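Just so we're clear, the structure is a prediction, and the values are computed from it rather than from any experiment. We name chains A, B, ... by the order of the sequence lines, and we start the count at 1 in each one.
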Amino acid sequence: MEKLAYNHEIIERKWQHYWREHKTFKTNSAEDKPKYYVLDMFPYPSGQGLHVGHPEGYTATDIMARFKRMEGYKVLHPMGWDAFGLPAEQYALKTGHNPREFTAQNIKNFKRQIRSLGFSYDWDREINTTDPNFYKWTQWIFEQMYKKGLAYEKETLVNWAPDMMGGTVVANEEVVNGKTERGGYPVYRVPMKQWMLKITAYADRLLDDLDLIDWPESIKEMQRNWIGRSTGASINFKVENTDEEIEVYTTRPDTLFGASYMVIAPEHKLVKKITTDAQKAAVEAYEKKIETKSDLERTDLNKDKTGVFTGAYGINPVNGEKLPIWIADYVLASYGTGAIMAVPAHDQRDWEFAKKFDLPIKPVIEGGNVEDAAYTDDGVHINSDFLDGLDKPTAIQRMLDWLEDKGVGKKKVNYRLRDWIFSRQRYWGEPIPVIHWEDGETTLVPEDELPLKLPAAKDLQTSGTRESPLANLKDWVNVVDENGRKGRRETNTMPQWAGSSWYYLRYIDPKNNNQIADQDLLKEWLPVDLYIGGAEHAVLHLLYARFWHKVLYDLGVVPTKEPFEKLVNQGMILGDNHEKMSKSKGNVINPDDIVDQYGADTLRLYEMFMGPLTESVAWSEDGIHGSEKWIERVWRLMIDENNHLRDRVTTINDGSLDKVYNQTVKKVTEDFEQLHFNTAISQMMVFVNDCYKASALPLTYMEGFVKMLSPVVPHVAEELWQLLGHDGTITYEKWPTYDASKLEEATVQIVLQVNGKVRSHLKVAKDTDKAELEKLALADPTLQEWLSDKTVRKVIAIPNKIVNVVAN
RNA sequence: GCCGCUGUGGCGGAAUUGGCAGACGCGCUGGACUCAAAAUCCAGUUCCCUUUACCGGGAGUGUGGGUUCGACCCCCACCGGCGGCACCA
């Protein structure tokens, strides 16, 4: 019985200890080497601990970090904690504890788990968004935005979730189908004074600069759709018998002759002014109905349009026609001007509304049948005076010219993107550093008084109003200035997205007390070369971070327009039943169990081998067992049962492994570069299979192989490296190179086809020319047999590849 | 409904300027080793037909069509799965 000396527990503990003691992965900015900044999306340290999905992305970045170190780069590879957030506050409200202790415990557990996987983070750069030394700078950025007018207070309709944690406001992005994204609480639209960030001021740049970065097309497309730039026209309609005008936004000014009524949003500021006495009761009843509905209920009305006539009429500027003005909630107050001209013949929504309320439908473009549906395609304009006979683009331009000429309208760009609602009625977030004074003045907390610390709260209670629990902490909330003027601190805190919008900058210089980070260091390390995380952050985090980065760019703080040069989304790891892992389905895998049973190296290897990084794959217990077996097979190849290097590993090279070794170096190097870890690993498996067939294993090949192995399974590789006779770590050893001449063969195999089907093969000298190939192919006995009853019509010969004979 | 991605053996997956489909792994089958089993090593493994065996033949990358000497790959239409958006005028 052969006993295996490999023991993952001992080896992994040994090397994790070694790396920690020697600070093996400490980044030294002063080194004169090219830089590589590889970043993970930092986790929210939840009470559940690490999920097997985390190590997938983390292993991928760790492979790149280790690979690049061996290629001679200085590598920045940090980790930290996105530690403000809802669950901690909920737990605190329930138990009366402060979320700080709970969060600290969770971080401790997360860190233990992450360390157990052997990732090569520089832990001296660990950051934590809830650390006052960190959020000092989150607050500082907010203050810069305030000074530039990018942070402002506004009475606005917000997404109020009264059942969520004693009531809180959530951002548009956090509302899904009229319910909160987390927890699924109903959301209502209520007016409330809120802090807003003017992300819309950056809409164009956020859209256009997507072309500068190497991100998955799907994510770019999602951001483009989210920003939703549209070009159209704003047109002014006079309201009959008043001095009022209604400005509408439309992308189809060419259909102005087909307008048959107008709609303004129920919240539009002119509703009260223009409603006639006769319609007043009906309008007010409708407004009331809308107000008490949640967004969910409003969405449910999707199929069934509602609205009410105001009694007023607008005048179509192009032909003087009288158009009835309605209010309806299918027109949104928050988009465009909150008012539209309705062209039911060529807009499906207007068409549905017109059908329901029996309003006229007047076609102005040929094609389609407006009795059945709105016709939205291009066509020849009719019933449109000076636009008759034109196509859509020409008619749009002609109408724009006419509107501008008459001064009743102009070209206008609109965005689906809204300003970012930035306040939350919560305790566990960064305090917004603002004081509201009794005389009505609002001031920032002076920069030299930052951080404005979150006060300790022994027993967290909801305020009972729409304010955060901070409102209860009178000592903190109430302030008096040197002149005796009384003031009250802002009780709203920042959303969880605040810290994550800039944390990647702090890793560059995490202990700096005077600025976000040293200017020279920012120049040195930005942008992030590779950023890996889940696709669930496609719009929220990644759009906010780009926005903040651009603000900081304008302030001269960061030197690049974009923060993340290359982005990759790892796929999801599903349960073994191909469903999303969840407690209720009972298919959750805990990384701790896998590390205990198989070791970190096996888990890392398995997660990289199971499929392409970007795809979702189902967990398989057999698969992980296979990875364990392969690690043991590698071990056994080189090491005997007494834990000594086998005699087969020698300085003699009989040449039998030359080709496969050089192929392996080439493929692994290229595949790692492209993050194709599964195929890189399979090539290493091919190499090992060949090694088992070889009589001697050249030492240099074994060394090169262990180096290639080390980014994936670093603990085993370090141990093998030592057994190969080296001291210290393999981390900074030089990455192997390959000899291209060893890859070339003097002869190549040519495929012989008849009518596209493979019939035979031919061995010929490399680069044999077309004519010669054709001759050889036609002389091939097997092929002759196939051609015996046929006439050769054509021969296609491709050197080094194929000969195809067409015959019948 | 709109936008994006995706579909290959029993399973995870390979294969791209269009040139031998199924690398590698799992599983399965057989052999060696063993008193035996496990582990290990070696061999085989897309399906169907043919054959004692060897050798052969046919079909085949979601479905139907097309381009091409040649298509998993390019084009058109359709079906299924995943993700995003969802009255944005």
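Ring geometry, A/Tyr544 versus A/Trp420: the interplanar angle falls under 30°, so the pair is classed parallel (tilted spans 30 to 60°). In this pair, A/Trp635 and A/Tyr6 present their aromatic rings tilted. The plane angle is within the 30 to 60° band. Between A/Trp619 and A/Tyr606, the two ring planes are perpendicular [angle over 60°; tilted spans 30° to 60°]. Classification of the A/Tyr261-A/Trp326 ring pair by plane angle, with boundaries at 30° and 60°, yields perpendicular.
Among B/U40, B/A89, B/G13, the nucleotide with an atom closest to any side-chain atom of A/Leu332 is B/A89. Distances from the side chain of A/Tyr692 to the nucleotides B/G13, B/C41, B/A89 place B/C41 closest. Here B/C69 is the nucleotide among B/C20, B/C69, B/G19 with the atom lying nearest to any side-chain atom of A/Val806.
Base orientation at B/G60 is anti, since its O4'-C1' glycosidic dihedral falls outside 90° of 0.
Checking A/Thr250 against A/Lys794, the closest nucleotide of RNA chain B that is more toward the 5' end is the one next to A/Lys794. A residue-by-residue look at A/Val751 and A/Val805 shows that A/Val751 has its nearest nucleotide of RNA chain B further toward the 5' end.
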Is there any protein nitrogen or oxygen under 3.5 Å from a nitrogen or oxygen in nucleotides 32-34 of chain B, and what are the pairs?
none

Using the 3.5 Å cut-off, write out each protein N or O paired with an N or O of nucleotides 58-61 of chain B and the distance between them.
residue: B/G58; atom: OP1; partner: A/Arg759; partner atom: NH2; Å: 3.3
residue: B/G58; atom: OP2; partner: A/Arg759; partner atom: NH1; Å: 3.1

Taking only N/O atoms, report every protein-nucleotides 79-81 of chain B pair under 3.5 Å with atom names and distance.
none

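Taking atom CZ of residue A/Arg229 and atom C1' of nucleotide B/C85, one finds them 19 Å apart after rounding to whole Å. One atom, CG of A/Asn755, and another, C1' of B/G19, lie 15 Å apart when rounded to the nearest Å. The nearest whole Å value for the distance from the CG atom in A/Asn414 to the C1' atom in B/C87 is 15 Å. A/Leu542 places its CG atom 19 Å from the P atom of B/G83, with the value rounded to the nearest Å.
Heavy atoms of other residues, nucleotides or ligands lying less than 6.0 angstrom from NZ of A/Lys198 number 12 at most. With a 6.0 Å radius and a threshold of 12 heavy atoms from other residues, nucleotides or ligands, A/Lys770 has its NZ atom at or below the threshold. Heavy atoms from other residues, nucleotides or ligands lying under 6.0 Å from NZ of A/Lys355 number more than 12.
Nucleotides B/A15 and B/C2 have their C1' atoms positioned 34 Å apart, rounded to a whole Å. Using atom P as the reference point in both B/C33 and B/C26, the two lie 24 Å apart (nearest Å). Taking atom C1' on both nucleotides, B/U34 is separated from B/C54 by 33 Å, rounded to a whole Å. The P atoms of B/A39 and B/G30 are separated by 15 Å, rounded to the nearest whole Å. Taking the C1' atoms as reference points, B/G13 lies 9 Å from B/U8, given to the whole Å. Distance noted for atom P between B/G7 and B/U29: 31 Å (whole Å). The P atoms of B/G25 and B/U63 are separated by 29 Å, rounded to the nearest whole Å. Taking atom P on both B/A43 and B/U61, the two are 31 Å apart, rounded to the nearest angstrom.
Checking the phosphate oxygens (OP1, OP2) of B/A86, a side-chain nitrogen or oxygen of A/Arg416 falls inside 4.0 Å. Here A/Arg636 reaches the OP1 or OP2 of B/C41: one of its side-chain N or O atoms lies under 4.0 Å away.
In plain terms, the two heavy atoms of A/Tyr286 and A/Asp329 that are nearest each other are OH-N, 3.1 Å. Nearest heavy-atom pair, A/His8 versus A/Gln597, reported as atom, atom and distance to 0.1 Å: NE2-O, 3.2 Å.
At a threshold of 4.0 angstrom between heavy atoms, the contacts of A/Pro216 with the nucleic acid are absent. Within 4.0 Å of A/Ser334, counting heavy atoms only, lies no atom of the nucleic acid at all. As judged by a 4.0 angstrom heavy-atom cut-off over every strand, A/Gln749 is placed among the base-contacting residues. Across all strands, A/Lys220 comes closer than 4.0 Å to no nucleic acid atom at all (heavy-atom distances).
At a threshold of 4.0 Å, the pair A/Glu772-A/Lys775 counts as salt-bridged, since one of the basic side-chain nitrogens sits closer than that to a carboxylate oxygen. The existence of a salt bridge linking A/Arg224 and A/Asp211 is confirmed by a sub-4.0 Å separation between a basic side-chain nitrogen and an acidic carboxylate oxygen.
Every residue meeting the side-chain hydrogen bond (donor to acceptor under 3.5 Å, both in side chains) condition with A/Asp767, not counting sequence neighbours, appears here in chain and number order: A/Asn800.
In this structure, CZ in A/Arg229 is found 5.5 Å from OH in A/Tyr415, a value given to the nearest 0.5 Å.
A cation-pi arrangement is absent between A/Arg636 and A/Tyr692, since the terminal nitrogen or guanidinium carbon is not both under 6.0 Å from the aromatic centre and inside a 45° cone about the axis.
Remark: RNA chain B takes part in the stems B:1-7 with B:79-85, B:10-12 with B:24-26, B:27-32 with B:40-45, B:46-49 with B:56-59, B:62-66 with B:74-78, each of 3 or more antiparallel Watson-Crick or G-U pairs, criterion distances under 3.5 Å.
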Base-contact (B) and sugar-phosphate-only (S) positions in nucleotides 21-27 of chain B, heavy-atom cut-off under 4.0 Å, - elsewhere: --BBSSS
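For A/Phe677 and A/Phe672, the ring centers sit closer than 6.0 Å to each other.
Side-chain atoms of A/Asn689 and A/Arg633 form a donor-acceptor pair, as typed in the model, at a separation below 3.5 Å.
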